[in-house]
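So the structure is just underneath, and the comments pick up after that.
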Number of protein chains: 2
Amino acid sequence: MKGNAVFKSGYNRCLRRLAHLPPGARLPSENELALALDISRTTIRAVLAALEERGIVGRAGGQRHLVRVPTEPDHFPDVQTLSAGAAFERRFLEWILQGDFRAGQLLNAAELARQFGTSTTTIRECLARFQHFGLLERRPNSSWLFNGITVEFVREIYDVREMFELRATRSFIERPDTAPEWRELAVIEQEHRAILAHLDRDFALFPQADERLHRIIHEATGNRFIIDFYNVVATLFHYTYRWNREDARQRSATALTEHLDYIDALRSRDPRAIDARCRKHLRTACATLIGSIETRANTAAPHAAILT
Amino acid sequence: MKGNAVFKSGYNRCLRRLAHLPPGARLPSENELALALDISRTTIRAVLAALEERGIVGRAGGQRHLVRVPTEPDHFPDVQTLSAGAAFERRFLEWILQGDFRAGQLLNAAELARQFGTSTTTIRECLARFQHFGLLERRPNSSWLFNGITVEFVREIYDVREMFELRATRSFIERPDTAPEWRELAVIEQEHRAILAHLDRDFALFPQADERLHRIIHEATGNRFIIDFYNVVATLFHYTYRWNREDARQRSATALTEHLDYIDALRSRDPRAIDARCRKHLRTACATLIGSIETRANTAAPHAAILT
DNA sequence: TGCCTGTTCTTTCTGCATTAAAAACAGATT
DNA sequence: AATCTGTTTTTAATGCAGAAAGAACAGGCA
């Protein structure tokens, strides 16, 4: 049966909203809440009914009011607020990229379903998405082949990424000075400087800043294929970033500095400077990733084979 | 239940193979057949059992022999040799791209399942694939949005395609003279000349030749993202080629000539010449496609709304 | 009239069951 | 020893059903 993730996430978000109200306050109308939480009125009604049930909300006639201020234990656990598919996607990527699963191994849907406690239907649908990432290959009427994050794979990704990002910078610098992107860029620059200023404390914030900068550049193209590709890249990097924790501080510092140069180049609107800085940064990033793959291959023993 | 498409396609391909043998001839072993038809021995055994049942194949002890030469009516209809998913994919693309379905309309899986006579499971899985094409957008817990082949969409595709193809030519010309790609290119060139020589009769062969040329170039990169993208492009073009039948002959002639120039440039290995010819050809192709979209928008009345 | 809540109907999500296909195993035959 | 066929065990493809979420309809009240 369908897991009521929308209900639970709505319930939690609704609680958070009520926490700001004083006890006794009138609740907003069902329509207002539905709009605010971006779920249907049907679901809001279910949430409100549950809140009444638990004595958090009371009603007089058609009007609802807050009975007591909700507390932390009133919330559902976060895991339950993800749909079966989304939850599996997260856990699966974590498992396959962080764990010891190696390129060339086969995955079977039935086993995964057992392991992750969901149905094969959900598994199949999600694995199909990863095909798109170039991570998995489907072999009809047979198991799935894990292609793995190999050096070759990273080269292919970066090859495309460089093309796309250079192309994106051209769209970016065509924006008029008044465009919101330039303001956003200034904010990103400040964020970078702030991290650099307290590097020892904050270097772990680098991935977010990185994602924000590259995303705004890619999005300037307005090209759905380029943006879609960046989403893939960002997802993969999110999960592979932690492969090599050594020098994380140093690597962040280098990348942040390269970013600042890159931002300067963008401001200058000089294509040559931009190309040079962008290429330089991407090459460093690519080399870093390849480096962690190799470290990983040498250190972690492949005691994988949980699944044949 | 699972439709036995593998069995039926194997059955047909097996028949075709037997048609070359004289009556009374010994059949190859199960293993050999399984390997040759690229299906499992289990399925081959089912096929052979069915052939015995129908008196096409007989057996003495463990040995099978051909009793009578199979004829056309012994085959299964082609439609049944496609898996539920593949069959739906084909019919759906045909329907949505050839029909009057317009950008911005909503699709719902339940209705499609009724219309195409398959289950919603299959529909969902396939629609997910088309997300990748940029054709559809999934809106969780709600219907699918058809983005359509708009002028904007075509511009985005060609923007990426130009980057990829220019990049691919660089890989291509790095191949040594002895590489099989150059031989294949020569064959493609001959094919082009042959079509041009009998243009009035053969211009309908152009799409195949076009696909073959561009594919060999893209594949030279060995980059899975580039090749995957070309697969998307090729599929879309396969279904949109027939939008504007006017001037099909003339358009093919232009493209074929541009291809020949492009091939010459590749042979010269001169990057500038290649870029110029490649760009020119892609711009023509893009303009042609945009032209047919506009024609289509003006002529075909949007009496679509089969689905709300 | 416009917004609210109550109700009903439709559609998606997701687990499960069933059958086709593959894979593994085992004895037989050359 | 290698290859063949017969048999059994697993796994993937796909339809279906039940519950959740969305959408539309309807009466009531400011």
Side-chain angles (χ1 to χ4, degrees), chain A residues 1-10 27-34 38-49 59 61-64 83-88 106-114 117-127 138-144 307-308, chain B residues 1-10 27-34 38-49 59 61-64 83-88 106-114 117-127 138-144 307-308:
Chain A
M1 301 153 248
K2 194 172 175 179
N4 46 357
V6 179
F7 167 81
K8 286 175 177 167
S9 128
L27 295 200
S29 81
E30 293 176 359
N31 286 318
E32 273 178 275
L33 281 172
D38 195 32
I39 52 185
S40 75
R41 200 163 66 82
T42 309
T43 308
I44 276 297
R45 283 173 63 81
V47 166
L48 291 172
R59 65 192 305 177
Q63 261 306 318
R64 295 186 178 84
S83 70
F88 169 72
L106 295 176
L107 288 159
N108 86 55
E111 176 70 31
L112 288 174
R114 257 167 263 151
T118 53
S119 73
T120 53
T121 312
T122 305
I123 302 281
R124 272 166 58 80
E125 201 167 313
C126 277
L127 293 189
R138 175 189 222 147
R139 306 176 325 151
N141 283 311
S142 177
S143 14
W144 296 75
L307 312 180
T308 50
Chain B
M1 302 156 246
K2 195 175 172 178
N4 46 357
V6 179
F7 167 80
K8 286 177 176 166
S9 126
L27 296 199
S29 82
E30 294 176 356
N31 285 318
E32 273 179 274
L33 280 171
D38 196 32
I39 53 186
S40 76
R41 201 162 65 80
T42 309
T43 308
I44 277 295
R45 283 173 63 80
V47 166
L48 290 172
R59 64 192 308 177
Q63 262 307 318
R64 293 186 179 85
S83 70
F88 169 72
L106 295 177
L107 287 159
N108 85 53
E111 177 71 30
L112 287 174
R114 260 167 260 151
T118 52
S119 72
T120 52
T121 313
T122 306
I123 303 282
R124 269 166 59 81
E125 199 167 314
C126 278
L127 293 188
R138 175 189 223 148
R139 306 176 327 151
N141 283 310
S142 175
S143 24
W144 297 74
L307 311 179
T308 51

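In what follows, every chain begins at residue 1, and chains take the letters A, B, ... in the order their sequences are listed.
- Along DNA chain D, the nucleotide nearest to B:Gly3 and the one nearest to A:Phe7 differ in position, and the one closer to the 5' end is contacted by B:Gly3.
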Output a table of nitrogen or oxygen pairs between the protein and nucleotides 22-29 of chain C separated by less than 3.5 Å.
residue : atom : partner : partner atom : Å
C:dA22  : OP2  : B:Ser40 : N            : 2.9
C:dA22  : OP2  : B:Ser40 : OG           : 2.7
C:dA22  : OP2  : B:Thr43 : OG1          : 2.7
C:dA22  : O5'  : B:Ser40 : OG           : 3.4
C:dA22  : N7   : B:Thr42 : OG1          : 2.8
C:dA23  : N6   : B:Thr42 : OG1          : 3.1

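- Between the side chain of A:Thr121 and the base of C:dC13, no donor-acceptor pair under 3.5 Å is found.
- Side-chain proximity of B:Glu32 to D:dC4, C:dA17, D:dA21: nearest is D:dC4.
- Here B:Asn31 lies in heavy-atom contact (under 4.0 Å) with a base.
- If you check D:dA21, C:dC13, D:dG15 against the side chain of A:Asn4, the one that comes closest is D:dA21.
- Residue B:Phe7 is tested with B:Ile44, B:Thr43, B:Ile39 for a side-chain contact (heavy atoms from CB on, under 4.5 Å); the sole match is B:Thr43.
- Counting non-hydrogen atoms under 4.0 angstrom, A:Ala5 reaches the backbone sugars and phosphates but no base.
- Where A:Ala46 and B:Ser119 each meet DNA chain D at their nearest nucleotide, the meeting point lying more 5' is that of B:Ser119.
- Partners of A:Ala84 according to the side chain to side chain contact (heavy atoms under 4.5 Å, CB included) rule, which considers only residues two or more places apart in sequence or in another chain, are A:Thr122.
- Looking at heavy-atom distances under 4.0 Å, B:Thr122 makes contact with sugar-phosphate atoms alone, never a base.
- Donor-acceptor pairing under 3.5 Å, judged by distance alone, is present between the side chain of A:Lys2 and the base of C:dT12.
- The side chain of A:Asn108 lies closest to D:dT11, out of D:dT11, D:dA13, C:dT14.
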